[in-house]
Amino acid sequence: MDNSFYIKSHCRIKNSKISLNTVEVFERETKDFIEFIKAAYKSLDTKYPKFFKMDRLSKLAFIAADVLLKNENLNPEIEQDIAVVLSNKASSLDTDRKHQKAIQDKENYYPSPAVFVYTLPNICIGEISIKYKLYSENSFFIFDSLNAEHLSIYSNSLLETNKAKEVLCGWVELDGDNYDAFLYLVSTKGKIEHTKQNIDKLYKL
Amino acid sequence: MNNVYVSYNNIISSLGFDSETVVKAIHEEKTGLKLVDDKSILPNDFYTSLIDRNKLQTAFPKLKDVDYYTHLEQMMITSLNKVIKASKVKLDDRVGLIISTTKGNIDVLDANSPFEKKRSYLSALGKTIQDFFNLKNEAVLVSNACVSGVLSLAIAKRYIQQEKYDHVFVVGGDIVTAFILSGFNSFQALSDKPCKPFDKNRTGINIGEVATSVLVTNDKTKLSKDAVEILGESSCNDANHISGPSRTGEGLYRSVNLAIRQAGINVNDIDYISAHGTATLFNDEMESIAFNRVGLGDVPLHSLKGYFGHTLGASGLLETIVGMHSLHNNTLYASLGFEELGVSQPLNVIKNTTKKTLNTFIKTASGFGGCNTAVVFKKNIE
């Protein structure tokens, strides 16, 4: 495929750790995801109160995106031409189960719009877009596991047809106690060639 | 780059089990919406369009195994089976499968569902559909709120132009469940009457269920008589709010503008707009602002929600298929439920079904998460 695009930077959140370009930027030994991600928010100086209203999937995706995009030193006052292409296996099932619990028992029925709105996986893309003023292409895909081939084809398509200058791309999975975010920025600049093999290699690190 | 077409198509709905029957019902301004009293779904009565379960099981291609499949899987398989058969495409490794859905088998989460909980994963739904037809490639699931259906067509085109596939079958579907209706009801977005998109007296949405399938292809020998070419497409976020539409219609405005620009046509070349038109106060108002910012205020426009309700992940595909038939039949179909304009900007809402020579239309959608998509289609003239 076309190798004129590069993986400019990449971020991983897994096993109580956050790394940027393989360098660890935060660690907190805890099994509790919310405790972990809130501590990360504080430690990384995120300063975005809307974060606390987000569901768990959005919190995960948001912090991963924030670690990557903060590193770009973008001007927060101007819009950015960065497309967002995310994927996972469990969609929004984490919040879906919460909404289902609220409606299961007709005697104890309490559906809430603040929960229901997060029963779509692409809401986390909306959260990232609001923070970084991304009026750009976005899509959320579901695969059984990270599908580097599809993600790379799709990112190349967006860049080659000038739909965006860069693509924020990757995997954000949250299912019960399991969480795993791997986001990377595809660009015309960088040192790592944007290939299926390199995406898989970085994910397996 | 290769030209890409939307070709053979099918609609499974309360108005019929094939596109021609459904379009004929629309021509006669029949609605599929009915008042339903089902306390297992919602404490109060609601308007919806449902697929008859007995009729669906009878139409299912492998009747003896029907109990293995969820309601949504039965809908999707029945629909896709018709399109695969009609197209006669050889199902080799050059054939892709895209499934557009917001919630998939979400009814499986209910404590009373007879199905295993793992069936609630969208990837499991994809595998079931792929395996039924013995397709070679892993299904690509698109779950991007209410733009999923029309976005899936854009994605199919992009995969074909990247030479990953020559043909892509796109299947869309979502079902009417307690999960969905309780959620929209908590937003106070549901109407207790048949919905009235763009009307002064609109009071919210109805939710309905359909399954739809199309063949997207670069192969000119695989074009149906109603095939259209995908000229341009764009998807832009509002970057404004996760559950409310932008007051300026920013994302939709940009999507429409960029789709028209990519199509290489002028605003004046658009013969009609197949709008999203959910019949909520804010959505319809936002659309009127966005269309006027592009200069489309006087172009004939309809919403099809008055026929089916909002069919979520299937809606964009459903409305594109009706648009294809609209071009083929040279007919503008009435925006059912509309009487008097109730948005702040002028719109040319189609009041009566009328004959008109048509070549090009634009399909738009907007959804939660601030997403918007627009795709321009042109009649394929042999």
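Chain identifiers are assigned alphabetically (A, B, ...) following the order of the sequence lines, protein sequences preceding nucleic acid strands; residue numbering begins at 1 within each chain.
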Query - Flag for B/T217-B/H167: side-chain donor and acceptor within less than 3.5 Å - result: yes

Report task. Please list, chain by chain and in numerical order, all residues satisfying side chain to side chain contact (heavy atoms under 4.5 Å, CB included) with A/N71, sequence neighbours excluded. Result -> A/S9, A/L20, A/N21

Query - Flag for B/E73-B/N105: side-chain donor and acceptor within less than 3.5 Å - result: yes

Query raised in the report: Got a second to check how far B/F187's CZ is from B/S182's OG, nearest 0.5 Å?
Result: 11.5 Å

Query raised in the report: For chain A, which of B/G367, B/S255, B/G369, B/S186 has the most heavy-atom pairs under 4.5 Å?
Result: B/S186

Report task. Taking atom types as modelled, find out whether B/T48 and B/N206 have a side-chain donor-acceptor pair closer than 3.5 angstrom. Result -> no

Requested in this report: Below 4.5 Å from any heavy atom of chain B, which atoms of A/K133 appear? Answer side chain, backbone, both or neither.
Outcome: backbone

Report summary line: Taken to the nearest 0.5 Å, the spacing of B/S366 OG from B/N237 CG works out to 10.5 Å

Report summary line: Against chain B, residues from residues 113-126 of chain A with at least one heavy atom under 4.5 Å, in numeric order, are A/P113, A/F116, A/V117, A/Y118, A/T119, A/L120, A/P121, A/N122, A/I123, A/I125, A/G126

**Report entry** Under 4.5 Å from any heavy atom of chain A - which part of B/I98
**Finding:** neither

Report summary line: So, the part of A/L158 with a heavy atom under 4.5 Å from chain B: the answer is side chain

Query - Distance-minimising heavy-atom pair for B/T311 and B/D174 - result: O-CB, 4.1 Å

**Report entry** Partner chain B: residue of A/Y132, A/Y135, A/Y109, A/Y154 with the largest heavy-atom pair count (under 4.5 Å)
**Finding:** A/Y135

Query - Side chain / backbone / both / neither for B/A189 at chain A, heavy atoms under 4.5 Å - result: neither

**Report entry** Contacting region of B/R254 [heavy-atom separation from chain A under 4.5 Å]
**Finding:** side chain

Query raised in the report: Less than 6.0 Å separating the ring centroids of A/F143 and A/H150?
Result: yes

Query raised in the report: Is there a donor in the side chain of A/D175 and an acceptor in the side chain of B/Y121, or the other way round, less than 3.5 Å apart?
Result: yes

Query - Shortest non-hydrogen separation from B/T320 to B/G316 and the atoms involved - result: OG1-O, 2.7 Å

Query raised in the report: Does atom OH of A/Y110 have more than 12 heavy-atom neighbours, drawn from other residues, nucleotides or ligands, at distances under 6.0 Å?
Result: yes

Report summary line: Within residues 92-104 of chain A, the residues sitting under 4.5 Å from chain B by heavy atom, in sequence order, are A/S92, A/L93, A/D96, A/R97, A/H99, A/Q100, A/I103, A/Q104

Query raised in the report: If we only count heavy atoms from C-beta on, is the A/S16 to A/Y179 side-chain gap below 4.5 Å?
Result: yes

Query raised in the report: Side chain, backbone, both or neither: which part of B/I242 has a heavy atom under 4.5 Å from chain A?
Result: both

Requested in this report: Check each atom of B/Q188 against the heavy atoms of chain A and say whether the ones under 4.5 Å are side chain, backbone, both or neither.
Outcome: neither

Query raised in the report: Non-hydrogen atoms of chain B under 4.5 Å away: do they reach the side chain of A/S139, the backbone, both or neither?
Result: both

Query raised in the report: Of all of B/E163, B/K103, B/R158, which one pairs up most often with chain A through heavy atoms under 4.5 Å apart?
Result: B/R158

Query - Options B/L151, B/L258, B/I155, B/N240, ranked by heavy-atom pairs under 4.5 Å with chain A, top entry - result: B/I155

**Report entry** Side chain B/E250, main chain B/D238, donor-acceptor under 3.5 Å
**Finding:** no

Report task. State whether the side chain of B/K117 and the backbone N or O of B/D110 hold a donor-acceptor pair below 3.5 Å, judged by distance alone. Result -> yes

Report task. Indicate yes or no: does B/R94 engage B/D166 in a salt bridge with an N to O separation below 4.0 Å. Result -> yes

Query raised in the report: Looking just at side-chain N and O atoms, do B/H71 and B/E209 make a donor-acceptor pair shorter than 3.5 Å?
Result: yes

**Report entry** A/Y203 and A/D180 side chains, donor-acceptor separation under 3.5 Å
**Finding:** yes

Report summary line: If one checks every heavy atom of A/K131 against chain B at 4.5 Å, the contacting part turns out to be neither

Query raised in the report: Okay, side chain of B/D37, backbone of B/D45: is any donor-acceptor separation there less than 3.5 Å?
Result: no

Requested in this report: Would you mind telling me which of B/C371, B/G251, B/S234 has the largest number of heavy-atom pairs within less than 4.5 Å of chain A?
Outcome: B/S234

Report task. Flag the one option from B/S243, B/S40, B/G370, B/A111 with the top tally of heavy-atom pairs under 4.5 Å to chain A. Result -> B/A111

Query - Contact origin within A/N162 toward chain B - heavy atom pairs under 4.5 Å - result: neither

Query raised in the report: What parts of residues 39-70 of chain A touch chain B if we use heavy atoms and a cut-off under 4.5 Å?
Result: none

Query raised in the report: Do any N or O atoms from the side chain of A/E166 and from the backbone of A/L185 form a donor-acceptor pair under 3.5 angstrom?
Result: no

Requested in this report: Heavy atoms only, distances under 4.5 angstrom: which of B/V140, B/V147, B/I180 has the most pairs with chain A? Name it, please.
Outcome: B/V140

Query raised in the report: Just by distance, with hydrogens left out, do A/E160 and B/Q162 show a side-chain donor and acceptor under 3.5 Å apart?
Result: yes

Query raised in the report: Tell me, do B/N283 and B/I205 make a side-chain contact under 4.5 Å, heavy atoms counted?
Result: no

